[in-house]
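Beneath this line is the structure, given in structure tokens, with notes to follow.
Along the sequence shown, residues are numbered consecutively beginning with 1.
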Amino acid sequence: MLYEDTLFSRFLNTLLGTIIFVLIVAGGTYYLQNSLILVKQYDAYTHWAVVLLALPILAGIISRFANITSPLFSSLFGAFAAAALLYPQYQTWWAVPPTMLDMGIYVIIVLGIGFMATQPLKTTFMMAFRMGRFSMPSFSTPGKKPARRADMTKTQRLQATGKGNTVAMMELMVGLSSLALSIFSIFFLGKG
């Protein structure tokens, strides 16, 4: 029997993406926090850069290559599950336990960076810049007929309807704000 796109299959695919996200982000963070291997070999900045940037990016890239159909939900559920698993451990690792605000910022960072890594950056940036003042050159030939709607990818269909630019801009803003929060947190946590 061929693969059918049913609600149950989407649920299983999202669950798989969530498991991948949690294993990489929570598992990697748990190992790095428990061993402090990067702090001992390098410094605290490297440690926090890996925890807040590299692990979510790795989880997003693996989710992308695993063809997760709902990367937003997988990243969302994965970020909350990782925070729920790590929160009790952070209370034992740190002298001053993190507040719920700290964990909320962690969820936002991991969610935004992880989700951004699941998206094709070239398409996201090109569509976002088309929406703004900047216009990117078109790579289509002028004499070519437009593709039939059935032959278009999801991103191309969104772009053709005009909704793609807004979606791309929102994805870009979420990713960039998470990146800014992440960099601020790396420097803040690296000092202490």
Does CZ in Phe80 sit with more than 12 non-hydrogen atoms of other residues, nucleotides or ligands closer than 6.0 Å?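 No - once you tally the heavy atoms of other residues, nucleotides and ligands closer than 6.0 Å, there are 12 at most.
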Within a reach of under 6.0 Å around CZ of Phe73, are more than 12 heavy atoms found that belong to other residues, nucleotides or ligands?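 Result for CZ/Phe73: open.
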Could you check Thr6 against Phe11 for side chain to side chain contact (heavy atoms under 4.5 Å, CB included), going step by step and ending with a plain yes or no? CA-CA 9 Å; Thr6 62; Phe11 170 76; over 6 Å; no
If hydrophobic clusters are built by linking Ile, Leu, Val, Met, Phe, Trp and Tyr wherever their side-chain heavy atoms come under 4.5 Å apart, do [X] and [Y] end up in the same one?
X: Ile62; Y: Phe77; answer: no
X: Leu101; Y: Trp48; answer: yes
X: Met100; Y: Ile108; answer: yes
X: Ile61; Y: Val51; answer: yes
X: Tyr31; Y: Tyr90; answer: yes

Ignoring hydrogens, what is the shortest heavy-atom contact between [X] and [Y]? Give both atom names and the distance.
X: Val25; Y: Val110; answer: CG1-CG1, 3.9 Å
X: Gly114; Y: Ser75; answer: C-OG, 4.0 Å
X: Met103; Y: Ala83; answer: CE-O, 3.5 Å
X: Thr118; Y: Pro71; answer: OG1-CB, 3.5 Å
X: Ala82; Y: Val22; answer: N-CG2, 4.3 Å
X: Ile109; Y: Leu52; answer: CG2-O, 3.7 Å

Only one of Leu58, Leu16, Ile20 clears side chain to side chain contact (heavy atoms under 4.5 Å, CB included) with Ser63; which?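 Of the listed residues Leu58, Leu16, Ile20, the side chain to side chain contact (heavy atoms under 4.5 Å, CB included) partner of Ser63 is Ile20.
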[atom1] of [X] to [atom2] of [Y]: how many Å apart, nearest 0.5 Å?
X: Ile37; Y: Tyr42; atom1: CD1; atom2: OH; result: 9.0 Å
X: Leu111; Y: Leu72; atom1: CG; atom2: CG; result: 6.5 Å
X: Ile113; Y: Met116; atom1: CD1; atom2: CE; result: 8.5 Å
X: Leu53; Y: Ile183; atom1: CG; atom2: CD1; result: 6.5 Å
X: Leu76; Y: Phe21; atom1: CG; atom2: CZ; result: 9.5 Å
X: Thr29; Y: Ile24; atom1: OG1; atom2: CD1; result: 11.0 Å

Within the 4.5 Å heavy-atom criterion, are Leu32 and Leu55 side-chain neighbours or not?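 When only atoms from C-beta onward are counted, Leu55 and Leu32 do touch, with a gap below 4.5 Å.
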Take Asn34 and Tyr30 through the side-chain hydrogen bond (donor to acceptor under 3.5 Å, both in side chains) test and state the conclusion after the steps. CA-CA 6 Å; Asn34 239 4; Tyr30 181 83; 3.2 Å; yes
Checking Ser74 side chain against Thr14 main chain: does a donor-acceptor pair fall under 3.5 Å?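 Yes, the answer is positive, given that a donor and an acceptor are paired below the 3.5 Å cut-off.
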